[in-house]
Amino acid sequence: QVQLVESGGGLVQPGGSLRLSCAASGFSFSSSVMSWYRQAPGKERELVATISSAGGSTNYADSVKGRFTISRDNAKNTVHLQMNSLKPEDTAVYYCNRSPPWGHWGQGTQVTVSS
């Protein structure tokens, strides 16, 4: 089946940085538009960033534009999210998935931004 394994989350102070990674398998990764999503406790899952199949085009939510960078390595079936200048409101569980997403979601990786 489709597998999506997120990693790289952790606790970071406001203004800090984290780099998230997603290892994908079970589908044609190099032909798939990929996105990062996040979900804070008690809130709906939201789209954060999207990257085209070859990596030539990216799109970001206004709330993260200029701070986050999505990238991918099709040879390794991985997608990454570099997060800089982190804010407390970035605290959430972060997930990767196709865009539009599969019904299946990985375990996600927790990002906590706090002093």
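Computed from a predicted model, the values in this text were never measured in an experiment.
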Query raised in the report: Does any N or O in the side chain of N97 come within less than 3.5 Å of the main-chain N or O of H104, such that one atom is a donor and the other an acceptor?
Result: yes
**Report entry** Same cluster (ILVMFWY, side-chain, under 4.5 Å), Y94 and V12
**Finding:** yes
Query - Q3, CD atom: more than 12 neighbouring heavy atoms under 6.0 Å - result: no
Requested in this report: With rounding to the nearest 0.5 Å, note down the distance linking NZ in K76 to OG in S30.
Outcome: 15.5 Å
Query raised in the report: Distance-only, no hydrogens or angles: does the Q107 side chain make a donor-acceptor pair with backbone N or O of E6 under 3.5 Å?
Result: yes
Query raised in the report: Hey, are K65 and D62 close enough for a salt bridge, meaning a charged N less than 4.0 Å from a carboxylate O?
Result: yes
Report summary line: Shortest non-hydrogen pair, Q110 vs T91, comes out as NE2-CG2, 4.1 Å
Query raised in the report: Can you tell me how far the CE atom of M34 sits from the CG atom of L81, to the nearest 0.5 Å?
Result: 12.0 Å
**Report entry** R38 CZ to F68 CZ distance, which is reported to the nearest 0.5 Å
**Finding:** 5.5 Å
Query raised in the report: What closest approach, in Å, do I70 and W36 show between heavy atoms, and which atom pair accounts for it?
Result: CD1-CD1, 3.6 Å
Query raised in the report: What is the distance from atom OG of S115 to atom CG of L11, rounded to the nearest 0.5 Å?
Result: 9.5 Å
Query raised in the report: Are any side-chain N or O atoms of R72 and backbone N or O atoms of V33, one a donor and one an acceptor, separated by less than 3.5 Å?
Result: no
**Report entry** From I51 atom CD1 to N59 atom CG, the distance as rounded to the nearest 0.5 Å
**Finding:** 11.0 Å
Requested in this report: Indicate if V48 and V93 have the same hydrophobic cluster label, given that clusters are the connected sets of ILVMFWY residues with side-chain heavy-atom separations under 4.5 angstrom.
Outcome: no
**Report entry** Side chain proximity check, V111 to M83, heavy atoms < 4.5 angstrom
**Finding:** yes
Query raised in the report: Side-chain heavy atoms under 4.5 angstrom apart, residues restricted to Ile, Leu, Val, Met, Phe, Trp, Tyr: same cluster for Y95 and V113?
Result: no
Query raised in the report: What are the two closest heavy atoms between S71 and V79, and how far apart are they?
Result: O-CG2, 3.1 Å
Requested in this report: Would you mind reporting whether L47 and Y37 have side-chain heavy atoms less than 4.5 Å apart?
Outcome: yes
Query - Taking every non-hydrogen atom, the tightest pair across T78 and A23 - result: CG2-CA, 4.3 Å
**Report entry** Inter- and intrachain pairs under disulfide bond (SG atoms under 2.5 Å apart), touching residues 43-83, at least two apart
**Finding:** none
Requested in this report: Any pair with a residue in residues 53-115 that passes disulfide bond (SG atoms under 2.5 Å apart), sequence neighbours left out, goes on the list, sorted by first then second residue, please.
Outcome: C22-C96
**Report entry** Minimal non-hydrogen separation, R67 against S85, with atom names
**Finding:** NH1-O, 3.0 Å
Report summary line: When every non-hydrogen atom of S99 is compared with those of S35, the smallest separation belongs to CB-OG, 3.1 Å
Query raised in the report: Between the main-chain N or O of S32 and the side-chain N or O of R98, is there a donor-acceptor pair closer than 3.5 Å?
Result: no
Query raised in the report: Can you find a pair of side-chain heavy atoms, one from W105 and one from L4, that are under 4.5 Å apart?
Result: no
Query raised in the report: Can you find a pair of side-chain heavy atoms, one from H80 and one from S21, that are under 4.5 Å apart?
Result: yes
